[in-house]
2 protein chains.
Amino acid sequence: MEAFDLLIKGVLVAERGVKADIGIKEGKISKIEPDIEAEAKYTIRAEGRIALPSFANMHTHVPMSLLRGLGADLPLMDWLQKVIWPLEGEFVSPEFVKAGAELGILEMIRSGTTLFMDMYFFEEVVGEVAESAGIRAGLGFGILDFPTKVAKTPEEYLRKARDFAKGLKGHDLVFPVICPHAPYTCSPDTLRRAKELAEELGLYLHIHVAETKGEVERIKKEFGKTPVSHLESVSFLSEKVLCAHMVYLTEEEVEIVRERGVKVAHCPESNLKLASGIAPIPEYVRKGVHVCLGTDGSASNDNLDMLEETSTMAKLHKGATLDAKAIDARTALKIATENGFSAVGIKAGKVEEGYEADLILINPDSPHLQPLYDPIAQVVYSAKSSDIETVICKGRVLMEKREVKTMDEERILYEAKRWGERIGSFLK
Amino acid sequence: MEAFDLLIKGVLVAERGVKADIGIKEGKISKIEPDIEAEAKYTIRAEGRIALPSFANMHTHVPMSLLRGLGADLPLMDWLQKVIWPLEGEFVSPEFVKAGAELGILEMIRSGTTLFMDMYFFEEVVGEVAESAGIRAGLGFGILDFPTKVAKTPEEYLRKARDFAKGLKGHDLVFPVICPHAPYTCSPDTLRRAKELAEELGLYLHIHVAETKGEVERIKKEFGKTPVSHLESVSFLSEKVLCAHMVYLTEEEVEIVRERGVKVAHCPESNLKLASGIAPIPEYVRKGVHVCLGTDGSASNDNLDMLEETSTMAKLHKGATLDAKAIDARTALKIATENGFSAVGIKAGKVEEGYEADLILINPDSPHLQPLYDPIAQVVYSAKSSDIETVICKGRVLMEKREVKTMDEERILYEAKRWGERIGSFLK
């Protein structure tokens, strides 16, 4: 008789619209059929629950969870220069990053995310926390032309990026990414060398691009080009580049992005909250650009809730374009799941045989989810992360019945509060 | 010694930024002070919790909860004509309205709402459910020029509205409202007579206005005026008129609305999902228009979650106007609470002595709410309705520790599912 590592019994597989059992083996979904008769090391009875792929949060700064909501109601540049950078200068350390990563990863597991792409300082610490919590993560520290706690010169940043990448080799869930911060904080030379390093090591690149009108003006003034054209002119763009935000692109730039196979990480709530604008995502999707979704950091969102982000995205673009089909529920779900995983070469984001076993189980027995006519549409438009009962990453159960099994929630909350007190006193 | 009906101990009163006790007597907040020593019929220990005003959902169609999410990804007119109206023709009855009202009111209590303004059929049934659940409600059935299950002619609608209003007299929490449906479904004569009836009986009016560009075109074609100007020309507008949506107003119309003291019920998520557009709320607020907030019905939102609606509103308008201060967190909270209650003459929506005891207690001990720097901003930008532990309406505890005390949750969910099965079979 067949044997599974994990067997989920009697769940509604939303994408198929049928009730079935899901057999998981060696981290993959190996069988979806009604009434599977088989041995299993662990069984989850999921009658009445809905199985959906877990989320891929494709742009965040997870340690910033400790700065949650600070500088609310400020635009991006004021928020960065007057609030965030001074606080980071004072507080960021490996201990800060550990406590922030624990808090943020705990929040992400509780809201159904099993992959996140992170850019911050001391990412080796984020990697340890992610690996131990059992969540996938693509990690890199921001490479800049000016000095920070990480390094003083572009050369030093790049050398450290090479060391960081080698240090993460052989990890199971966590992989290194090269992260030049943005076209307005990296010279063409830094961009080129970051690209070369990524190619040499076979890594993805992750960068902020065209987030605000101010950035576009600045790049135009400095280089005579808009940001994506500027990146193209220094041969930066490829299918291994993940560009966060991409709010302001010319028609020609959309074509460049599509041709090069660049991945766009849309961050609608951060772009709204920082008054950056509304990225024309329906246009990108229509033209065949690879769009995925991210929350950005908790200081500008103010949470890491991908279900909320998906719902906001689906509604926002209908209203902004006056087209009720601009992003439908199924497209929204795909952007938030499969498109994220596949952007970094992971075959996950569908509850289908042969895919990685990254999935969530939702309990629809709440007044805001009944009656349940179309599970996918109702999850996108009406569910809350508190409806997510179970989270599985690569076949491992990270949360069951809302209890996170791989992290010490009480200690993490306690430490987050202590950091909050220290930072709060500094702010007074 | 002083005696209270209800005493809340050791709660963080968010608007004051201090920890205190709240003494409630005869439905009102009678004292807010640290360490109140007094008798109380009931005491809630709320150490570590945050007290905020409860929400006023100023535009909804609560029985439509049974049609949750149907017709997703369709624009307003297709959604109404192809999906909603045929279903309503088939199913709407007093039994449907009872089950839908129970489901929706249960959802609203669970998400911190203690007042809702409703427009549907068989509102006397909604009134019974609301009164028994202990929630405030301003109720009226839609008055139209065409026949429905309620009536055949405008005369009959108006006669029934008068009877309905008299029937609700003497109720404690529930009050009648006159609800001409919209300028495109009511003739000038019907609008005038509805207004006269409301004045005669001393009631508020509740109407849909300027929801879509299509409506504006239609009214222009028929009456040579845009919707608000048309309403002004038939002397409809006053400080007792609540206009839902108000997405498309001319500058002159904004001035009329301000001068007349008309109340605007903004429904951002419904306007987004039905691709109606984005109402220029920051402009209304800046010009002194009285703006409150509503969810609209669950078929177009797809939930009745006012906390989500508040968060969406606060973020949306920053992004849409490229102004990070467009609607700040405190303004958003005021629009969602005090501005709603005061629009219909209820002194609630602030946790202050002398105000009605309509409030919620939030548990911030979750990874998405820590560290907690600014409770009001973090509730607006990061909290979820599942963080709302306790809901109090006019001094009565409707929910405590997430258990609704005034409704039978299990039976209501069971019946909602049965209705879902019947409606689902019809749709196949």
Side-chain angles (χ1 to χ4, degrees), chain A residues 66 68-70 72-75 79 103-104 106-107 110-111 213 269 271-278 298 301-305 312 315-316 318-326 328-329 365 367-368 370-374 377-378 381-382 384-386 409 412-413 416-417 419-420 423-424 427, chain B residues 65-66 68-70 72-75 79 103 106-107 110-111 213 269 271-278 298 301-305 312 315-316 318-326 328-329 365 367-368 370-374 377-378 381-382 384-386 409 412-413 416-417 419-420 423-424 427:
Chain A
L66 291 183
R68 187 180 307 284
L70 290 176
D73 308 320
L74 290 179
W79 171 80
L103 183 68
L106 176 60
E107 186 193 340
R110 291 186 66 82
S111 49
K213 281 191 181 171
E269 294 201 345
N271 295 158
L272 290 175
K273 183 155 182 265
L274 294 173
S276 302
I278 300 172
S298 277
N301 183 312
D302 295 340
N303 57 37
L304 303 173
D305 188 330
T312 296
K315 284 177 282 206
L316 172 64
K318 298 175 201 290
T321 61
L322 303 187
D323 173 6
K325 295 183 193 303
D328 63 27
D365 272 345
H368 62 273
Q370 291 296 338
L372 187 67
Y373 296 105
D374 176 344
Q378 277 176 244
Y381 294 119
S382 185
K384 302 166 207 300
S385 57
S386 51
E409 296 198 55
I412 292 168
L413 276 183
K417 288 180 189 180
W419 275 99
I423 295 166
L427 287 168
Chain B
S65 295
L66 290 183
R68 187 181 306 286
L70 289 176
D73 307 320
L74 290 178
W79 172 80
L103 183 68
L106 177 60
E107 187 193 340
R110 291 187 66 82
S111 47
K213 280 191 181 171
E269 294 202 345
N271 296 157
L272 290 175
K273 182 155 182 264
L274 294 172
S276 303
I278 300 171
S298 277
N301 183 310
D302 295 343
N303 57 37
L304 304 174
D305 187 330
T312 297
K315 284 179 282 209
L316 173 64
K318 297 176 203 293
T321 61
L322 304 186
D323 173 6
K325 294 184 193 303
D328 63 26
D365 272 346
H368 62 273
Q370 290 296 337
L372 186 68
Y373 296 105
D374 176 344
Q378 279 177 243
Y381 296 119
S382 186
K384 303 166 207 301
S385 58
S386 52
E409 295 198 53
I412 291 167
L413 276 182
K417 288 180 188 179
W419 275 100
I423 294 166
L427 287 168

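Heavy-atom basis, side chains included; hydrogens, waters and symmetry copies ignored. Just so we're on the same page: letters track the sequence lines, and every chain starts at 1.
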Would you mind telling me which of [options] has the largest number of heavy-atom pairs within less than 4.5 Å of chain B?
options	answer
A/L66, A/N301, A/L106, A/L272	A/L272
A/L372, A/T312, A/L413	A/L413
A/D305, A/T321, A/L274	A/D305

Is there a donor-acceptor pair closer than 3.5 Å between any side-chain N or O of A/D73 and the backbone N or O of B/A329? yes
Sorted by chain and number, sequence neighbours left out, ring-ring contact (aromatic ring centres under 6.0 Å, His included) with B/W79 holds for none
Could you check whether any side-chain heavy atom of [X] comes within less than 4.5 Å of a side-chain heavy atom of [Y], counting everything from C-beta outward?
X	Y	value
A/S385	B/K384	yes
A/D365	B/E409	no
B/L304	A/P367	no
B/K315	A/D302	no
A/K325	B/L74	yes

Heavy-atom pair of closest approach, residues [X] and [Y]:
X	Y	value
B/P371	A/G420	CB-CA, 3.5 Å
B/A320	A/I278	CA-CD1, 4.3 Å
A/L322	B/K213	CD1-NZ, 3.6 Å
B/R68	A/Y373	O-CD1, 3.4 Å
B/A275	A/A324	CB-N, 3.3 Å

Interatomic distance, B/Q378 atom CD to A/S298 atom OG [nearest 0.5 angstrom]: 9.5 Å
With rounding to the nearest 0.5 Å, note down the distance linking CG in A/L103 to NE2 in B/H368. 10.5 Å
Checking heavy atoms, do the side chain of A/D374, its backbone, both or neither come under 4.5 Å from chain B? neither
Quick one: list whatever passes side-chain hydrogen bond (donor to acceptor under 3.5 Å, both in side chains) with A/N271, sequence neighbours left out. A/H245
